[in-house]
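Small disclaimer: the values here were computed from a predicted structure and weren't measured. Residue numbers start at 1 and run along the sequence shown.
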Amino acid sequence: MKIICDGADLSDAVLKVSKGTSNKTTNPILEGIKVVAEEDYVTLSATDLELSIEKTIKGMVQIEGEMVVPGKFFCEYIKKLNNEQIELSVDDRNMLSIKYTDSVGKIQCMQSGEFPIIKKLEDSNNFVMKQKDFKSLIAKSIYAVAVEDVRPILKGVKLEIRENQITAVALDGYRLAVVKKPLVSTTAEFSCIVPARSLNEISKSLDDSDNDIQINVSRNFLMVDIDNTKITTRLLEGDFIDYNQIIPNNFNTTAILNKDQLLDALERASLLSRIDRNNLVRFDISDKVMVLSSKSEIGDIKENITISLKGGDLSIAFNARYFTEALRAISDEFLKLDFTSAVSPCIITSNDSDEFLYLILPVRIMA
């Protein structure tokens, strides 16, 4: 194999696909990046058997072929050559030569025949939506995904595809995020559970444009193709929690307030709670004011927020991090907070739409 390519293009491609390599494996081939040169194109790919990333760039292919290079070293080496024209060639001993200006580096390659075959999604179901909507859907839901391995199914986001709408659902046992976005089209109605890590990598390739993106889904895999970058992920299998059963329908207290004021006040009030490492902030709701308070050995903080109140007074407490992470995912100016009791979940929704619903469990407090 012998190719010549632009250093900036190669560096960008290597950086993208390196996110698909495995850092925790007993199989060295999964730490590698496969490079295939055909016609006028060079395709780089990496996989950890759950997530696969492929990127195709243009190149001057003098001799077609393929190789697998050590991913971490190759990535660090190539990104320091992004201003150079690079020649890559492999000899009959499977030794890669990297030539640039008047210098050359050599790397021993691995056997390309041992590299896993990346799943191709043909004749699969698919749905189409705007890139900005898919990016927003991920950002507004992924924060609530579980990070512990106790229930692996909760480390993914459930996508429910219906005729005109997609719903993303994530929960970790303490909070729940339900986000809805419009679809341009879909070939069928179905649902799937996508690992949060994979969605995070997909999100990095999306922009805030109105351009359409097609997401292909087979029985066990999901794939997107964005600007010559294919990201394929294995789906999680198992029964997801019936989230509709844990969302309250009746409320005794409803507060409408400015989102930024609540977020700023909550971040200030949580400063002391973080010192004590309990992250507890108390909400006292009455009349037209919500008082946020926290205490520690060095003092106490109280923040007053003007609200519009419907229903009875209430005192309730929350883990401040769960609340702030939900608020940071919201772009609306005004929010509606619904409460049932001091030991029941708080429901956060927009005051203007039904695009999202966030549920947060309270922390019991002494009277």
**OP:** Might you point out which heavy atoms bring Ile330 and Lys259 nearest each other, and give the distance in Å?
**Re:** O-NZ, 2.9 Å

Subject >> Salt bridge Arg268-Glu303, side-chain N to carboxylate O under 4.0 Å >> reply: yes

Original post:
Got a donor-acceptor contact below 3.5 angstrom from the Ser344 side chain to the Thr340 backbone?
Top reply: no

Original post:
Lys55 and Thr43: side-chain contact (heavy atoms from CB on, under 4.5 Å), yes or no, with the steps?
Top reply: CA-CA 6 Å; Lys55 174 72 175 178; Thr43 300; over 6 Å; no

**OP:** Taking the side chain as every heavy atom from C-beta outward, state whether Ile226 and Asp207 have any atom pair closer than 4.5 Å.
**Re:** no

**OP:** Give the minimum heavy-atom separation between Leu51 and Ser198, together with the two atoms involved.
**Re:** CD1-OG, 3.7 Å

**OP:** Taking all heavy atoms of Val281 and all of Ala320, pick out the closest pair and write down the distance.
**Re:** CG2-CB, 3.7 Å

Original post:
Under a 4.5 Å cut-off applied to non-hydrogen side-chain atoms, are Leu314 and Phe283 in contact?
Top reply: no

Subject >> Trace of the salt bridge (charged side-chain N to carboxylate O under 4.0 Å, His left out) decision for Asp48 with Lys19 >> reply: CA-CA 9 Å; Asp48 63 0; Lys19 303 299 177 60; over 6 Å; no

Original post:
So, Ser191 side chain and Leu159 main chain: donor-acceptor pair closer than 3.5 Å or not?
Top reply: no

Original post:
Can you list the steps and then say if Val61 with Glu64 is a side-chain contact (heavy atoms from CB on, under 4.5 Å)?
Top reply: CA-CA 6 Å; Val61 180; Glu64 294 186 347; 3.8 Å; yes

**OP:** Run the numbers on Thr324 and Glu267 for side-chain contact (heavy atoms from CB on, under 4.5 Å), then give the verdict.
**Re:** CA-CA 7 Å; Thr324 54; Glu267 288 180 334; 4.2 Å; yes

Original post:
Does Asp91 pair with Lys2 as a salt bridge, N-O distance under 4.0 Å?
Top reply: no

Original post:
Using 4.0 Å as the upper bound for N to carboxylate O, is an ion pair formed by Glu325 and Arg328?
Top reply: no

**OP:** Indicate yes or no: at least one non-hydrogen side-chain atom of Val36 is less than 4.5 angstrom from one of Tyr41.
**Re:** no

Subject >> Test item: side-chain donor near acceptor, Lys181 and Ser136, under 3.5 Å >> reply: yes

Original post:
Taking the inter-plane angle between the rings of Tyr77 and Tyr100 on a 0 to 90° scale, is it parallel (under 30°), tilted (30 to 60°) or perpendicular (over 60°)?
Top reply: perpendicular

Original post:
Does Asp133 pair with Lys135 as a salt bridge, N-O distance under 4.0 Å?
Top reply: no

Original post:
Can you tell me how far the CG atom of Asp354 sits from the NZ atom of Lys180, to the nearest 0.5 Å?
Top reply: 5.0 Å

Original post:
Which value, rounded to the nearest 0.5 Å, describes the distance between Met223 atom CE and Ser218 atom OG?
Top reply: 9.5 Å

Original post:
Just how far is it from atom OG1 of Thr254 to atom CG of Leu309, taken to the nearest 0.5 Å?
Top reply: 8.0 Å

**OP:** For Gln214 and Asp212, test the side chains for any donor-to-acceptor distance below 3.5 angstrom and give the result as yes or no.
**Re:** no

Original post:
Between Tyr322 and Phe318, does the ring centroid distance fall short of 6.0 Å?
Top reply: no

**OP:** Would you confirm whether Asp12, through its side chain, and Leu15, through its main-chain N or O, come within 3.5 Å as a donor-acceptor pair?
**Re:** no

Original post:
Does a side-chain N-to-carboxylate-O contact under 4.0 Å join Arg219 and Glu237?
Top reply: no

Original post:
Where is the tightest heavy-atom contact between Ala255 and Met290, given as atom of each residue plus distance?
Top reply: CB-CE, 4.3 Å

**OP:** Measure the CZ-CG distance between Arg234 and Leu236 for me, rounded to the nearest 0.5 Å.
**Re:** 10.5 Å

Original post:
In terms of side-chain heavy atoms, does Thr25 have a donor or acceptor partner in Asn27 at a distance below 3.5 Å?
Top reply: no

Subject >> Pairwise distance CD1(Ile285) to CG(Asp287) - rounded to 0.5 angstrom >> reply: 12.5 Å

Original post:
Is the closest side-chain heavy-atom distance between Leu335 and Ile256 below 4.5 Å?
Top reply: no

**OP:** Tell me, with the steps shown, if Ile247 and Leu357 meet side-chain contact (heavy atoms from CB on, under 4.5 Å).
**Re:** CA-CA 9 Å; Ile247 300 175; Leu357 181 150; 4.0 Å; yes

Subject >> Beyond-backbone contact of Leu359 with Pro345, side-chain heavy atoms, under 4.5 angstrom >> reply: yes

Original post:
When rounded to the nearest 0.5 angstrom, what distance separates CG in Leu44 from CG in Leu10?
Top reply: 6.0 Å

Original post:
If you measure from the Lys or Arg side-chain nitrogens to the Asp or Glu carboxylate oxygens, is any gap between Lys80 and Glu76 under 4.0 Å?
Top reply: no

Subject >> Residues in salt bridge (Lys or Arg N to Asp or Glu O under 4.0 Å) contact with Asp332, at least two apart in sequence or another chain >> reply: none

**OP:** Please confirm whether the backbone N or O of Val169 pairs with a side-chain atom of Lys158, one donor and one acceptor, at under 3.5 Å?
**Re:** no

Original post:
Heavy-atom count around Asp239 CG within 6.0 Å, excluding the residue itself: above 12?
Top reply: no

Original post:
Ser18 and Thr21: side-chain donor and acceptor closer than 3.5 Å?
Top reply: no

Subject >> Heavy-atom side-chain contact between Asn125 and Phe190 under 4.5 Å >> reply: yes

Original post:
Would you call Leu121 and Leu222 a side-chain contact if the rule is heavy atoms closer than 4.5 Å?
Top reply: no

**OP:** State whether a side-chain donor-acceptor pair under 3.5 Å links Glu66 with Ser112.
**Re:** yes

Original post:
Closest approach of Ser45 and Ile118, non-hydrogen atoms and distance?
Top reply: CB-CD1, 3.7 Å

Original post:
Between Glu148 and Lys155, does at least one N-O distance fall below 4.0 Å, as a salt bridge requires?
Top reply: no

**OP:** Using a cut-off of 6.0 Å, state whether more than 12 heavy atoms not belonging to Asp227 lie near its atom CG.
**Re:** no

Original post:
Between Tyr358 (side chain) and Cys346 (backbone), is there a donor-acceptor pair under 3.5 Å?
Top reply: no

Original post:
Under 6.0 Å between ring centres, would you say that holds for Phe251 and Phe339?
Top reply: no

Subject >> Reference residue Ile161; test side chain to side chain contact (heavy atoms under 4.5 Å, CB included); the match among Leu183, Ile215, Thr187 >> reply: Leu183

**OP:** Indicate yes or no: does Lys24 engage Glu31 in a salt bridge with an N to O separation below 4.0 Å.
**Re:** no

**OP:** Determine the minimum heavy-atom distance between Phe134 and Ile202, stating which atoms define it.
**Re:** CE2-CG2, 3.9 Å

**OP:** Return yes if a side-chain donor-acceptor contact under 3.5 Å exists between Thr232 and Lys119, otherwise no.
**Re:** no

**OP:** Look only at the side chain of Ser293 and the backbone of Ile301, and say whether a donor-acceptor pair between them is shorter than 3.5 Å.
**Re:** no

Subject >> Atom CZ of Arg162: over 12 foreign heavy atoms under 6.0 Å >> reply: yes

Original post:
Taking the side chain as C-beta and beyond, is there a heavy-atom pair between Ile316 and Asp284 under 4.5 Å?
Top reply: no

